[in-house]
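Every value quoted in this text rests on a predicted model; they were computed, and no experiment measured them. Throughout, residue positions are numbered sequentially from 1 according to the sequence presented.
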Amino acid sequence: MALRRRGLLLPLSFFQASTFNSFFRILLFMQVLFILGVAYAAQTSVTSNATAAGERHSEGYCAMYGICGQRSDGKYINCPFGTPSVKPDDLLSSKVQSLCPTITENVCCTEAQFDTLRAQVQQAIPLLVGCPACLRNFLNLFCELTCSPNQSLFINVTSVAKVNRNMTVDGIDYYITDDFGEGLFNSCKDVKFGTMNSRAIEFIGAGAKNFKDWFAFIGRQAPPNMPGSPYAIRFPSSVTESSGMKPMNVSTYSCGDNSLGCSCGDCPSATVCSNTVSPVSRKGGSCSVRIGSIKAKCIDLAVAVLYIALVSVFFGWVLFRRTRKTKPASGTKPWWSAMDDGEVHSNREKNENPPMQVFEDAPHVRNDVQLSIVQGYISKFFRRYGTWVARNPIIVLCSSLAVVLLLCLGLIRFKVETRPEKLWVGPGSKAAEEKQFFDGHLAPFYRIEQLYLLLFEIQNKVAGIKANYSGSAISLADICMKPMDKYCATQSVLQYFKMDPATYEDYGGLEHLKYCFEHCSSADTCMIAFKGPLDPSTALGGFSGKNYSEASAFLVTYPVNNALSNDRNEIERAVAWKKAFIELARDELLQMVQPRNLTLPFSSESSVEELKRESTADAITILISYLVMFAYISLTLGDSPRLSSFYISSKVLLGLSGVVLIMLSILGSVGFFSVIGVKSTLVIMKVIPFLVLAVGVDNMCILVNAVKRQPLELPLEGRISNALVEVGPSITLASLSEVLAFAVGSFIPMPACRVFSMFATLAVLLDFLLQVTAFVALIVFDFRRTEDKRVDCFPCMKISSYTNSDKGIDQRNPGLLTRSMKEIHAPILSLWGVKIVVISIFVAFALASIALCTRIQPGLEQKIVLPRDSYLQGYFNNVSEYLRIGPPLYFVVKNFNYSSESRHTNQLCSISQCDSDSLLNEIARASLNPESSYIAKPAASWLDDFLVWISPEAFGCCRKFTDGTYCPPDDQPPCCSPSDSSCSLGGVCKDCTTCFRHSDLHNDRPSTTQFKEKLPWFLNALPSNDCAKGGHGAYTSSVEFKGNESGTIQASSFRTYHTPLNKQVDYVNSMRAARELSSRLSDSLKIEIFPYSVYYMFFEQYLDIWRTALINLSIAIAAVFIVCLAITCSLWSSAIILLVLAMILVDLMGVMAILNIQLNAVSVVNLVMAVGISVEFCVHMTHAFSVSTGDKDQRTKEALATMGASVFSGITLTKLVGVIVLCFSRTEIFVVYYFQMYLALVLLGFLHGLVFLPVFLSMFGPPSRRVPVEQRQDQTSVSPQL
């Protein structure tokens, strides 16, 4: 059954077909080829002989009258003989004028012939009655052909054929003026067929683009057993004068005619519609400026101008300062010189030694730190606390571990939240509330299982799936959606063969497919199993326009019944079958198609399991990454390795113990929140260990290095106490800043980000507390071990023969990294040329990043979150290539008041007499601009179809028996037996009448009572050939008709499609456009309307993702600034920290734009985390600079020597070795959002913290907090930091 080209099967690929509930419950609709009825005549005896040619083509003569034969398929064929027109009796005359008001006297049709015409045109009336002008023009075309008394003037029999020894018509010319053809086509070309979300011309004219194409479609001679004309019809527009003929030119009505006015949805060219303001297109593009041949964005130009201005000012300032410094000193020094000189109180000589050597050279004077009030209290606390910990390490270690282990007991209630709606949708989400309303009042959106099927045997395998659920075998038939309560609503081209392989050859194989592509709604053989039409665009892919025969993919969709969350039994049955479906597709179907060089991507709603597999796919990669970091940490805390003392001086056990404390802080945080019922997430399990390691390792390195810098002459208690006084304030400042930065994230409405912030806040806080308690106690134990000459990792082993004569563990000897920072890195940064280059480059990249930030797109590509070997990768790769229709879109109306006193009906509908700015008219108007509205088609309207269904013109639809009960169309039981090959007027339905006359309605609208009474009839009416507007199946779940006693329908929906959405930004923009449209209509109509699509709930986060990100990052940075200002009481230092933090974040977002990393919950979490890690790069360096002595260059060198090495080894190198491992991940999300973003963060933090910040401090740093203090000669054991 596959499409073939040159005998080869076209490769198949898969896309997620956009299908939806009402679509699969589509009405039965037959394309109306009215020439059948027009050409038919009753079996009548024609006794008159043919008249002369001149008489045949003159007024008052018929060209065809009577029936002379019948084709093998039962179609009657007219006699090719002319006869004078006849005067009808009063009954026939009234019948003719009721349908054909232009024919008032003689006619060329008998009563039976007219009844056949009437029966045929009733199929078209429901489609066109919403636009009276179109309907009238359309009926005139066939009335003139069938009954016009002057038929011979514009109809000429061109060929005849002998049937059953009688001459019959085989071809005619129907002369029609171009004016009539244009008028007819223009009045009908935009009329909607709501049930199929399309235009009526698609079905009654095969999508004709002009009247000639339409006439050509109507005039085709149908093959046997196919719908259409029994003979060929040509529609020439001009005749020769000698023929005596003249084209038919009955007056046509414009669809904008006030007397037969159509709605704006059916007639956009009407005057009242053209005056309606269309919504402004959102595709206007961003602001841009053209400079010569270069077109630049406004933001780019503004940033370039700002950079030039800043660089000019900076160079001018540098030149001015250098020029003034070369002049002789005057009595009054400029402020910058005074500031520099004031920082060196006793001498201006170079000070290359650490602070402790200052006191050796000048024992009578020491430089004391002038701390803020808060820092003073913190320093006093740490001095006393450090002494107490050094004396009682066991108590401190045991008590701190006891508390955190108690928190870890909460892990027994540990749960992981994996439901997407619970992770990415906040409790107050508008989309979540709308989904709950839609599911509760209308119907839960069905589940979708999709495949590209090539062979019937694959279909049979799918239909034969037996899934086990509670001991019962569940098949597709048990759970599939059945609009007509019998057949599954499977959407596949196999439906053109009734899903039966036996009919493939019987129907003609590929030729039948091509036929159905053009006659999907007309031929009975093309109707799908549940008696409805199938739009080829929903079952084929990889074609352009309407060229379905060029399709290179079959699309198959299995709608599976969904249920509300409280009906777990139904849901579990569907889930069990879907798992069996995935297993079959993966294990059997793929093997069936691969030898044929075909692809078979597929998807299921249960494919969320692939996301869970993604969570474990890189578990080993993450574990290796952590182990590498642990090993590095353990080695870096020790002294410079010497073979003779390595086993004593190394600190592997201390490093591993510190890592265990970090893990305990994470587990304690998870345990605490588990106890109070907060579920963890996969993001927490992946991100927080990295975060806490980055923070904790830095503190570990700073604490150990601070103790190692203390003079060995001091006792261990003094060294511990002095070290805590030296680095305790900066560690406290950094940790509190991080805690507060993460705490503000707890107010993010997005659950995943909020929960991450909560867990991270407590984890960082616990890590800080454990660092200053348990880890300090472990440092005490480790230094005691070293002094007692015990082996690292085996402290029970003591080396008695070991001596310290070689100073192998002399802790005053600076390491290689410290010396490199002091002797190489710092001197290079002190060069003025280097400073200028550094400032210029960093400012340039920051400003460029601001411009690049505008290019970051919101969203999260589905392919990224899946393992690279997932079966869904192929599915997503082919979506954009083959997708020709978008997801379903419902406009939901709440509290629709249908009472006679309300205007709601006309404010919603889109047929004749509806408001020009009604809901459905506006949707139709929006569909004309799909690039900006993302709406592909007009909406299917139950309201329009209901109003048409009850219309007196649709005489085959709303009918009643004499007792007032519902009477179905003539081609349905009991009017017609299902076994009858054809139905006729008679039997029990001969006395049925239409529900209403025009006089029963008020302006063609039902009263409140009539509406309430007939709407259930409509919703239960089955669609058929005689009335395609029956609402059963198509609109069963579109209206909640409960509690309507007050004349109000609580909920109803109008279905349309989005355009194909191939990118994440398309999903976001389509949702935004639909909401803007519904909001505008709600305000103008004063009716509560909202759009709903199944994906809205998951993409709502991206509507405000920029706002969420910027607000939370701003609050986090502001929180850091406030903490820094409160503790340091230095606006200058706090402003510098704020500046560097902002630059790191902006640069990181610039890198995101360069690497095409999208903005989503994961990247927002990473950005918030970046604030915490960046604090570590800034705070320690700034604090070390502020408490150093000398001029700014000397203080920068000292800060780099004391803190630069700790920051570099504690964060930069530790993170680098761990991050590099992530590049080998099997999942793209780790490579993009963890490897790339983390690597960028580490490198940017290193460059800003150890390159830009030192240069900036050396030029614009705050004054030193050290002041000279006289010291008595006998004072000893004094900390250099006091």
In Å, rounded to the nearest 0.5 Å, how long is the span from CG of L1110 to CD1 of I1115? 11.0 Å

pair Y377-P729: side-chain heavy atoms closer than 4.5 Å: no

So, Y1102 versus T1108: side-chain donor-acceptor pair below 3.5 Å or not? no

From C408 atom SG to L664 atom CG, the distance as rounded to the nearest 0.5 Å: 5.5 Å

Ignoring hydrogens and angles, write down the donor-acceptor pairs under 3.5 Å from the side chains of residues 1161-1175, residues two or more places apart or on other chains.
residue: S1163; atom: OG; partner: Q1158; partner atom: O; Å: 3.1
residue: S1163; atom: OG; partner: N1160; partner atom: N; Å: 2.7
residue: S1163; atom: OG; partner: N1160; partner atom: O; Å: 3.0
residue: S1163; atom: OG; partner: N1160; partner atom: OD1; Å: 3.4
residue: N1166; atom: ND2; partner: Y1233; partner atom: O; Å: 2.7
residue: S1174; atom: OG; partner: A1170; partner atom: O; Å: 2.6

Carboxylate-amine/guanidinium proximity below 4.0 Å for R1072 and E1100: no

Tightest non-hydrogen contact, residues M1181 and G1249, listed as CG-O, 3.8 Å

Taking the side chain as everything from C-beta on, heavy atoms only, tell me whether L769 gets closer than 4.5 Å to S400. no

dist S730:OG -> M1203:CE (nearest 0.5 Å) comes out at 4.5 Å

Kindly indicate whether the side chain of L1139, heavy atoms from C-beta on, has any atom under 4.5 Å from the side chain of F1256. yes

State, without any angle test, whether D1066 and H1058 hold a side-chain donor-acceptor pair at a distance under 3.5 Å. no

Using modelled atom types only, decide if a donor and an acceptor are shared between the side chain of S1130 and the backbone of S1133 within a distance under 3.5 Å. yes

Flag side-chain contact, heavy atom, 4.5 Å: S1186 against T1128: no

Stepwise, does the ring-ring contact (aromatic ring centres under 6.0 Å, His included) test hold for F1177 with F1246? CA-CA 7 Å; F1177 286 104; F1246 160 72; 7.9 Å; no

Using a 4.5 Å cut-off on heavy atoms from C-beta on, say whether the side chain of T732 contacts that of V772. no

Looking at R413 and V675, would you say the former's side chain and the latter's main chain have a donor-acceptor pair under 3.5 Å? yes

Using the side chain to side chain contact (heavy atoms under 4.5 Å, CB included) rule, take L889 and Y934 through it: C-alpha gap first, then chi angles, then the decisive distance, then the call. CA-CA 10 Å; L889 169 62; Y934 293 90; over 6 Å; no

Between E738 and V1120, does the side chain to side chain contact (heavy atoms under 4.5 Å, CB included) criterion hold? Intermediate values first, please. CA-CA 7 Å; E738 292 156 358; V1120 173; over 6 Å; no

Go through the steps for L310 and L847 under the test side chain to side chain contact (heavy atoms under 4.5 Å, CB included), then give the verdict. CA-CA 11 Å; L310 290 176; L847 293 177; 4.2 Å; yes

Would you sort out whether V1151 and D1147 count as a side chain to side chain contact (heavy atoms under 4.5 Å, CB included), showing the intermediate values? CA-CA 6 Å; V1151 172; D1147 290 351; 5.6 Å; no

Calculate, to the nearest 0.5 Å, the distance between atoms CG and CE belonging to L1155 and M1237 respectively. 9.5 Å

Flag the pair L736 / I1127 as yes when at least one side-chain heavy-atom distance between them is below 4.5 Å, and no otherwise. yes

Qualifying residues under ring pair (Phe, Tyr, Trp, His ring centres under 6.0 Å), relative to F759, sequence neighbours excluded: F673

Is the side chain of S1078 donor-acceptor paired with the backbone N or O of R1075 at a distance under 3.5 Å, no angle test? yes

Rounded to the nearest 0.5 Å, what separation is found between the CG atom of L766 and the OG atom of S665? 6.5 Å

Do F1121 and I1137 make a side-chain contact, defined as non-hydrogen atoms from C-beta onward lying under 4.5 Å apart? no

Taking the side chain as every heavy atom from C-beta outward, state whether V1140 and I1144 have any pair of such atoms under 4.5 Å apart. yes

